[in-house]
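Chain naming here is simple, since letters A, B, ... match the order of the sequence lines and numbering starts at 1 in each.
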Amino acid sequence: MKTISLGKPLLALDLTLHSGQSFHWDPEGDGWLGAMGDTPVYVEQIQGELFVNREARAAATSYLALDHPLEHIESTFPKDPVTQEALSFCRGMRILRQPKWEALATFITSSMKQVAHIAQISQTLRKRYGRELFLEGRTLYAYPTPEALAALQESDLRACALGYRAAHLLGAARLVASGEVNLESIAQMPDAEAQQALRRLPGVGEKVANCALLFGFERLRAFPVDVWIERVLRERYFPKEGKVTATMIRAFCAKAFGPYGGYAQQYLFHHARLTWKKG
DNA sequence: CTCCAGGTTCCGG
DNA sequence: CCGGAACATGGA
């Protein structure tokens, strides 16, 4: 594989590609093979130096968010022991800049699913309905467009093991494909307004909307609260006794984690998911 | 076998 | 605003 160097950015590549943001990266040689939007990419990191196939330079710089001032971002995290523990575990992890529809759609399919199964759904959808991409004899697949999915029947998607999520994904695809919901317009809105606009789509509640905003719309303050984050918050940030409501959690997260709350959230999520011990 | 997973939606208090 | 139930599927 012929590659070019992208220098030595602060980046934990392997961690970043397997932190539950994207779900389609396959091991290949010393690196990874996958699609960044419509660009087929091989990416590897050797002793801190980042390499990609030549045609992927621009796509990789954007997708890996090498323009995020990561050292500064990590310095804005709160100094409490829980966040700092997650930081030392995940240092160098970046929030990927994924295509808007891809981020939104993959998280519509994520509800009540383990990461491994979200990956399986993503791969099936890509192979059956995504555009073929070629890289040195390998075939990769882009995430299917809203138009491609909008043309299907719910039964087609159920056949991809989406279960009840099939109707959600199909409904969302049709609203986006028809132009009734315009993701580029949403990208121009302030955070709160953008969240409300996304929640007009079926299968998009507060959590999925925040995932889409964080991973696809460059809203680095968006703070998705899933079962893992809620577990950490309840165990480590709130007193054991007493009720903790969703409203309280929302208010706390908006205040406590700063302008890059979404980054802190992703570090907390990944750390919790990989180190949590029962009991 | 049971339990749970990067939730959303709908319905009564 | 809050809690509960239904919703599919597969890995642990």
Side-chain angles (χ1 to χ4, degrees), chain A residues 15-25 86 89-90 93-96 98 102-125 143 153-173 175 181 195-217 219-220 222-235 238 242-254 257 261-279:
Chain A
L15 200 61
T16 299
L17 293 182
H18 293 92
S19 56
Q21 304 182 55
S22 63
F23 304 90
H24 63 289
W25 289 95
F89 188 83
C90 299
M93 184 163 77
R94 287 177 183 267
I95 298 291
L96 299 171
Q98 300 182 63
E102 182 176 324
L104 174 60
T106 56
F107 280 93
I108 287 175
T109 66
S110 77
S111 89
M112 294 299 291
K113 279 292 176 193
Q114 295 182 347
V115 168
H117 197 204
I118 302 168
Q120 183 189 314
I121 290 171
S122 168
Q123 292 288 21
T124 304
L125 290 175
Y143 197 85
Q153 298 302 124
E154 183 178 326
S155 56
D156 297 321
L157 291 176
R158 288 206 173 235
C160 298
L162 267 75
Y164 66 84
R165 304 158 196 81
H168 293 163
L169 183 60
L170 183 59
L175 284 171
V181 170
Q195 200 206 62
Q196 286 310 307
L198 288 171
R199 291 182 65 170
R200 288 175 46 209
L201 295 164
V204 183
E206 180 176 4
K207 191 271 179 181
V208 170
N210 279 330
C211 285
L213 288 171
L214 178 60
F215 301 132
F217 289 76
R219 306 308 170 96
L220 302 184
F223 198 104
V225 177
D226 73 315
V227 291
W228 288 99
I229 290 294
E230 187 163 340
R231 196 171 287 158
V232 171
L233 293 172
R234 286 179 185 280
E235 292 284 328
F238 287 93
K243 293 183 183 62
V244 181
T245 67
T247 306
M248 293 166 64
I249 290 177
R250 194 180 306 125
F252 177 77
C253 294
F257 294 100
Y263 253 96
Q265 176 275 154
Q266 186 62 18
Y267 284 42
L268 288 168
F269 167 81
H270 189 68
H271 179 242
R273 204 170 74 81
L274 269 56
T275 63
W276 195 272
K277 298 181 188 73
K278 290 178 181 174

Subject >> Sequence-distant partners of A:E206, side-chain hydrogen bond (donor to acceptor under 3.5 Å, both in side chains), two or more places apart >> reply: A:R250
Polar atoms only, N or O, under 3.5 Å: list the protein pairs with nucleotides 2-4 of chain C and their distances.
residue : atom : partner : partner atom : Å
C:dC2   : OP1  : A:T245  : OG1          : 2.8
C:dC2   : OP1  : A:T247  : OG1          : 3.2
C:dC2   : OP2  : A:T247  : OG1          : 2.3

Original post:
In chain order, what residues pass the side-chain hydrogen bond (donor to acceptor under 3.5 Å, both in side chains) check against A:S111, with sequence neighbours excluded?
Top reply: A:Y164
Original post:
Rounded to the Å, how far apart are A:F107 CZ and B:dG7 C1'?
Top reply: 12 Å
**OP:** Scan A:S19 against the nucleic acid and name what it touches under 4.0 Å (heavy atoms): base, sugar-phosphate only, or nothing.
**Re:** base
Enumerate all atom pairs, one protein N or O and one N or O from nucleotides 9-11 of chain C, separated by less than 3.5 Å.
residue : atom : partner : partner atom : Å
C:dT9   : O4'  : A:K113  : NZ           : 3.4
C:dT9   : O2   : A:K113  : NZ           : 2.5

Subject >> Counterpart residues, ring pair (Phe, Tyr, Trp, His ring centres under 6.0 Å), relative to A:H270 (two or more places apart) >> reply: none
**OP:** Would you please name every residue forming a side-chain hydrogen bond (donor to acceptor under 3.5 Å, both in side chains) with A:R231, sequence neighbours left out?
**Re:** none
Subject >> Partner residues of A:V227 under the side-chain contact (heavy atoms from CB on, under 4.5 Å) criterion, sequence neighbours left out >> reply: none
**OP:** Enumerate the residues from residues 198-208 of chain A whose closest heavy atom to DNA chain C is under 4.0 Å, giving them by residue number; use none for an empty result.
**Re:** none
**OP:** Would you mind reading off the distance between A:W276 atom CH2 and B:dA5 atom C1', rounded to a whole angstrom?
**Re:** 15 Å
**OP:** Nearest whole angstrom, please: distance from the C1' of B:dA5 to the CZ of A:F269.
**Re:** 10 Å
**OP:** Quick one: list whatever passes side-chain contact (heavy atoms from CB on, under 4.5 Å) with A:E235, sequence neighbours left out.
**Re:** A:K240, A:W276
Subject >> Rounded distance in Å - OH (A:Y164) to P (C:dC7) >> reply: 11 Å
Subject >> Interatomic distance, A:L170 CG vs C:dA8 C1' [rounded to whole Å] >> reply: 17 Å
Subject >> Residue list, side-chain contact (heavy atoms from CB on, under 4.5 Å) with A:S155, at least two apart or on another chain >> reply: A:Q153
Original post:
For A:I249 and B:dG7, what is the distance between atoms CD1 and P respectively, to the nearest whole Å?
Top reply: 13 Å
**OP:** Please collect all salt bridge (charged side-chain N to carboxylate O under 4.0 Å, His left out) contacts where either partner lies in residues 107-124 of chain A, sequence neighbours excluded, each pair once.
**Re:** none
**OP:** Check the pair A:L125, A:L169 against side-chain contact (heavy atoms from CB on, under 4.5 Å), reporting the backbone distance first and the verdict last.
**Re:** CA-CA 11 Å; A:L125 290 175; A:L169 183 60; 3.9 Å; yes
**OP:** Can you sort out the partners of A:R219 under side-chain contact (heavy atoms from CB on, under 4.5 Å), two or more places apart, ordered by chain and number?
**Re:** A:D191, A:A194, A:L213, A:F217, A:A222
Subject >> Rounded distance (Å) that lies between atom C1' of B:dA5 and atom CD of A:E230 >> reply: 14 Å
